[in-house]
Amino acid sequence: AWGEYLSKKWAFQPGWTMALAVVGVDAIGTFLWLPAIYSRNMLSIIGMAWLLIGAVASMAIGLIIFRETLDWTQWTGIGFALVALVLLGK
């Protein structure tokens, strides 16, 4: 989600420095993925959970830091994502 935050900041003021920061942070995120997949070795479960956690974190950054708003259908989708995370963790 940190990469999404930096991407949004880059969108306000594009430049090479911020673009390289986005790439660097996203590369770190990729390396953090490796222990997660190694520990469970179930791409179907871990991959989906990783994506959902990132989506929820990105949503929180958008709402809290950038003051973005969501309508009820989008909130419903977030609710389903949270339910999916719980079910995937079983």
Side-chain angles (χ1 to χ4, degrees):
W2 188 247
E4 282 78 7
Y5 168 78
L6 292 176
S7 296
K8 177 86 174 190
K9 297 291 276 186
W10 176 86
F12 290 133
Q13 292 182 324
W16 283 107
T17 303
M18 187 61 74
L20 291 174
V22 171
V23 170
V25 168
D26 283 343
I28 291 168
T30 300
F31 284 113
L32 293 175
W33 156 258
L34 296 175
I37 190 65
Y38 179 75
S39 70
R40 295 282 301 265
N41 199 19
M42 293 187 64
L43 181 61
S44 58
I45 302 299
I46 299 298
M48 186 57 66
W50 190 267
L51 289 173
L52 288 171
I53 290 167
V56 170
S58 295
M59 179 270 315
I61 290 170
L63 291 173
I64 295 166
I65 295 175
F66 294 108
R67 306 279 186 217
E68 297 173 350
T69 58
L70 302 174
D71 63 28
W72 71 272
T73 56
Q74 293 165 324
W75 280 110
T76 303
I78 291 167
F80 283 132
L82 294 173
V83 169
L85 273 174
V86 170
L87 294 174
L88 287 169
K90 298 276 180 187

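Computed from heavy atoms alone, side chains included, the values below leave out hydrogens, waters and symmetry copies.
For the atom pair L85 CG and L52 CG, the distance stands at 4.5 Å (nearest 0.5 Å). Of the inter-residue distances, the one linking L87 atom CG with L82 atom CG reads 11.0 Å to the nearest 0.5 angstrom. E4 contributes atom CD, which lies 7.0 Å from atom CD1 of I61 (distance to the nearest 0.5 angstrom). Taken to the nearest 0.5 Å, the CD atom of E68 stands 4.0 Å off from the NZ atom of K8. We find the CG-CG distance between L51 and L88 to be 10.5 Å, quoted to the nearest 0.5 Å. Between atom CD1 of residue I37 and atom CG of residue L32 there is a gap of 14.0 Å, rounded to the nearest 0.5 Å.
One hydrophobic cluster, built from ILVMFWY side chains closer than 4.5 Å, cannot hold both F12 and L20; they sit in different ones. Both I45 and I53 belong to a common hydrophobic cluster when Ile, Leu, Val, Met, Phe, Trp and Tyr are linked at side-chain heavy-atom distances under 4.5 angstrom. Under the 4.5 Å side-chain heavy-atom criterion for Ile, Leu, Val, Met, Phe, Trp and Tyr, L6 and I28 are members of distinct hydrophobic clusters. Residues W10 and W16 are members of separate hydrophobic clusters, defined by side-chain heavy-atom contacts under 4.5 angstrom among Ile, Leu, Val, Met, Phe, Trp and Tyr. Transitive grouping of hydrophobic side chains (ILVMFWY, heavy atoms separated by less than 4.5 Å) keeps W75 and V83 in distinct clusters.
In this structure, F66 places its CZ atom where more than 12 heavy-atom neighbours from other residues, nucleotides or ligands lie under 6.0 Å away. For W50, the CH2 atom is densely surrounded, since the number of other residues' heavy atoms within 6.0 Å is greater than 12. Atom CE of M48 has 12 or fewer heavy atoms from other residues, nucleotides or ligands within 6.0 Å.
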Is there a side chain to side chain contact (heavy atoms under 4.5 Å, CB included) between M18 and K9 once you walk through the steps?
-> CA-CA 8 Å; M18 187 61 74; K9 297 291 276 186; 4.2 Å; yes
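Smallest separation of non-hydrogen atoms from S7 and V22: OG-CG1, 3.5 Å.
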